[in-house]
2 protein chains.
Amino acid sequence: MAATLKDIAQKLGVHPATVSRALNPRTAHLVNAATVERVRKAAAAMNYVPNPMASGLRTSRSHTIGVVIPDLTNPLFPGMVRGMQDTLSRAGYTPLLVNTDNDPATEAQMVASLRARRVDGFILATARRDHPLLVELASRFPIVLINRVTESIQLPSVAADDQHGIRLAVDHVYDMGHREIAHLAGPKWSSTGHERAQAFNRVMRELGLSVAKRNVAVTAWNIEEAKETAMGMLARDPRITAIVAANDQLAIGVIEAARERRLRIPRDLSVIGYNDMPFMDLVDPPLTTIRVPQHEIGSEAARLLLSHLAEEGGTPVKQVRLTPELVVRASTGPPHP
Amino acid sequence: MAATLKDIAQKLGVHPATVSRALNPRTAHLVNAATVERVRKAAAAMNYVPNPMASGLRTSRSHTIGVVIPDLTNPLFPGMVRGMQDTLSRAGYTPLLVNTDNDPATEAQMVASLRARRVDGFILATARRDHPLLVELASRFPIVLINRVTESIQLPSVAADDQHGIRLAVDHVYDMGHREIAHLAGPKWSSTGHERAQAFNRVMRELGLSVAKRNVAVTAWNIEEAKETAMGMLARDPRITAIVAANDQLAIGVIEAARERRLRIPRDLSVIGYNDMPFMDLVDPPLTTIRVPQHEIGSEAARLLLSHLAEEGGTPVKQVRLTPELVVRASTGPPHP
DNA sequence: CGCGCTATTGCAATCGATTGCGCAACCTTG
DNA sequence: CAAGGTTGCGCAATCGATTGCAATAGCGCG
């Protein structure tokens, strides 16, 4: 059905090897310019498309990238994935997407299946602060982490600057007059949860505000548990006037908790999220949050990985930090006297 | 690095062909049971993983499925994609995901690149009512359409029952007492836009309500244009008390238009969406809508495609229609006298 | 005029798995 | 015990592209 190198060679009366060289930009200089031209013409005419399995078998490169995320239905990820797709496909690479649901066993299985597929590299959004699998993986493949990073070892990564983002958030409510500021943190096994909590403590200290233990509560990454945890916080310390949540889902949990406690937002409680997922401008109330450039994280990760694939030798480990920005909407306001 | 058939054969003193047959369930009966066992043990011990490029080259099957959607960042799709991923990967297939942004040229290019990758079949969510590319594609590959369908030809598809869904929507507002019901329709090139509009007309007629031309307005699939169109509708006919939107984004456009015209929802205007995308329970006001089983559409499409790949001959064209359900929230209510 | 060099192309092996064909050994049956 | 059948396995070709090496031709230069 589809034309092969041999077909083209036959038609032109040359050897398949010549056709191969003519069509490959890297080796075309080995072939007479006129021949190259004839081959190109013929290939186009027969609309020849190289068989990636054949070339992959020979070269053991699949031009395929494993993309590992917790869950595609988490609105944080589609933007990042599109960023990768757009720049990977432009470079002739195809992402293979898998979900782990934050389960290490599933992750191991998915990574194994991607290795079975002979992917050329990995982009992972599933890093835990301590993550042996990733360390092992990084020693055999080019990998780039996004969003979250590991602590045990420095790996190439692309993420937003959490330190800066949290500073924007805390400064925002501080500037409006809040002093009783609390943080609803994500799980400490995740770098984002941990780092944002660390950043919160630091910024509070710099502002001269005390950070009592009870001002930081930890929850899993989901709305329901965030709501429960926020209920507890608000019950224990009713003086709190502003809560900085470690991501938008947690902020929504806080809003639901506030609603249940008959607190009005932002009059009685200011809430600020993190990530600015799609539709956060439409929830009730529209959520003030820290926007991270989702598409750009994805495309930057792809670029970084591609550059690793291009260079033979070890490129230096590059840790890209993108700058988040504050998006003020209606869930924050000055504290009520 | 990785073990090959030959390695196993050498270690066991048998021929690679025997190893191949022993490891393939379809041919294992050709090999002595004891040998099969020895081979399996050895393969496991050397943690042998077959090279998909090699087997693909020989068999010309990539165990790969092209998945073509308009835009992953549209919240309607991640659920469907996960549905596919989950059932495809269970069957040893890997989806290759591309976006078209509803642009036919991009679509053609993406489909071409998937064909270049030698995918074994396609799942497409980009059908237009008239769509020559798909007809051509269907003649050469197993394909399954999701969400939208073509009209020119009957192709295997999985979608929600739009007729039923619209009936649920219209009945809902009718039962609450609304009589001046309008429809904000999607573009007519898309089957969902067209069919939902058709269904709206039919149901209205069955209820004995007149459908004036002005009771149905057509808009593109985005919030901004939906808002403009809804503004026009409401200006032309202020008697309208309920609007059935062709999807959730359009419903949000309607809500924004209503807000701009100082109409309160649902007191002055009831709005009902379609699809029940994630977070539609959190927008202001929480959106009454028609839930379509997104994950199930994806997994059912995958199953359908897999069954086509399994059977050699032409399986009959199966058009699966899943049943949507009404989700009542706060954007609908009885009309105010 | 001949040697050596370069430019161009052909040859053939190779990547790893699959599969039609054939052969040998063993078994069944009359 | 011979004829015919079955079972188990090896042989070798094949899928399509890549690439080291060899071969040829053409050229410049002494």
Side-chain angles (χ1 to χ4, degrees), chain A residues 1-40 42-44 46-64 92 115-120 312, chain B residues 1-40 42-44 46-64 92 115-120 312:
Chain A
M1 190 73 244
T4 70
L5 280 190
K6 213 196 287 181
D7 297 333
I8 301 178
Q10 217 142 34
K11 186 173 163 202
L12 259 48
V14 299
H15 197 270
T18 305
V19 179
S20 171
R21 284 189 273 252
L23 256 25
N24 184 335
R26 210 166 28 74
T27 51
H29 69 276
L30 296 171
V31 178
N32 184 303
T35 313
V36 170
E37 198 45 38
R38 282 172 58 220
V39 170
R40 290 226 176 102
M46 307 171 68
N47 53 32
Y48 166 76
V49 179
N51 185 324
M53 294 169 196
S55 77
L57 175 58
R58 179 60 218 256
T59 62
S60 64
R61 312 191 94 235
S62 62
H63 284 266
T64 256
R115 293 178 65 159
R117 285 258 169 209
R118 305 297 205 269
V119 295
D120 293 337
E312 289 300 311
Chain B
M1 189 74 244
T4 71
L5 281 190
K6 213 196 285 182
D7 298 333
I8 302 179
Q10 217 143 34
K11 187 174 162 200
L12 259 47
V14 299
H15 196 269
T18 304
V19 180
S20 170
R21 285 189 272 253
L23 256 23
N24 184 335
R26 212 164 28 75
T27 52
H29 69 276
L30 297 171
V31 178
N32 185 305
T35 313
V36 170
E37 198 44 38
R38 280 173 58 219
V39 171
R40 289 226 178 102
M46 307 169 70
N47 54 34
Y48 166 75
V49 179
N51 184 323
M53 293 171 198
S55 78
L57 176 58
R58 179 59 217 254
T59 61
S60 65
R61 313 191 93 237
S62 62
H63 284 267
T64 255
R115 294 177 66 160
R117 284 257 170 211
R118 304 297 205 270
V119 296
D120 294 338
E312 289 300 311

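Every chain is numbered from 1, with letters handed out A, B, ... down the list of sequences.
- Between A:R21 and A:L30 the shortest heavy-atom distance is CD-CD1, 4.1 Å.
- C:dG10 atom C1' lies 15 Å from atom CG of A:N32, rounded to whole Å.
- Residue A:V14 is classed as a sugar-phosphate contact, given heavy-atom separations below 4.0 Å to backbone atoms only.
- Considering only side-chain atoms of A:Y48, the nucleotide from D:dA17, C:dT19, C:dT9 that sits closest is D:dA17.
- When distances run from any side-chain atom of A:R26 to the nucleotides C:dC15, D:dT19, C:dT19, the shortest one goes to D:dT19.
- In this entry the distance linking CZ of B:R118 with P of D:dG16 reads 8 Å, nearest Å.
- Between B:T64 and A:R117 there is a side-chain heavy-atom pair separated by less than 4.5 Å.
- Spacing between atom CG of B:D7 and atom P of C:dG16 amounts to 8 Å, rounded to whole angstrom units.
- In this structure, the nucleotide among D:dG16, D:dC9, C:dT8 sitting nearest to the side chain of B:T35 is D:dC9.
- Between the side chain of B:R21 and the base of D:dG10, a donor-acceptor pair under 3.5 Å is found.
- The listed nucleotides are D:dA17, D:dA12, C:dT9; the one nearest the side chain of A:L30 is C:dT9.
- B:R61 CZ to B:S55 OG: the interatomic distance, rounded to the nearest 0.5 Å, is 10.5 Å.
- Residue B:S20 places at least one side-chain N or O under 4.0 Å from the OP1 or OP2 atom of C:dT18.
- Of the candidate nucleotides C:dG10, C:dT18, D:dC9, C:dT18 has the atom lying nearest to any side-chain atom of B:T59.
- Between A:T18 and C:dG10 there is a side-chain polar atom (N or O) within less than 4.0 angstrom of OP1 or OP2.
- Summarising the geometry, the separation between CG on B:L5 and C1' on C:dG16 is reported as 7 Å, rounded to the nearest angstrom.
- Nearest-nucleotide positions on DNA chain C for B:H15 and B:M53 put B:M53 closer to the 5' end.
- A heavy-atom distance below 4.5 Å is found between the side chains of A:M46 and A:I8.
- Remark: C1' of D:dG20 and CG of A:N24 are 15 Å apart, rounded to the nearest angstrom.
- Side-chain atoms of A:N51 lie closest to D:dA17 of the nucleotides D:dA17, C:dT8, D:dC11.
- Atom NZ of A:K6 is separated from atom P of C:dA12 by 14 Å (rounded to the nearest Å).
- Rounded to an integer number of Å, the gap from CD of A:Q10 to C1' of C:dG10 is 15 Å.
- Between the P atom of D:dA17 and the CZ atom of A:R61 lies a distance of 18 Å, rounded to the nearest Å.
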**Report entry** A:N51/A:T4 under side chain to side chain contact (heavy atoms under 4.5 Å, CB included): CA gap, chis, key distance, verdict
**Finding:** CA-CA 8 Å; A:N51 185 324; A:T4 70; over 6 Å; no

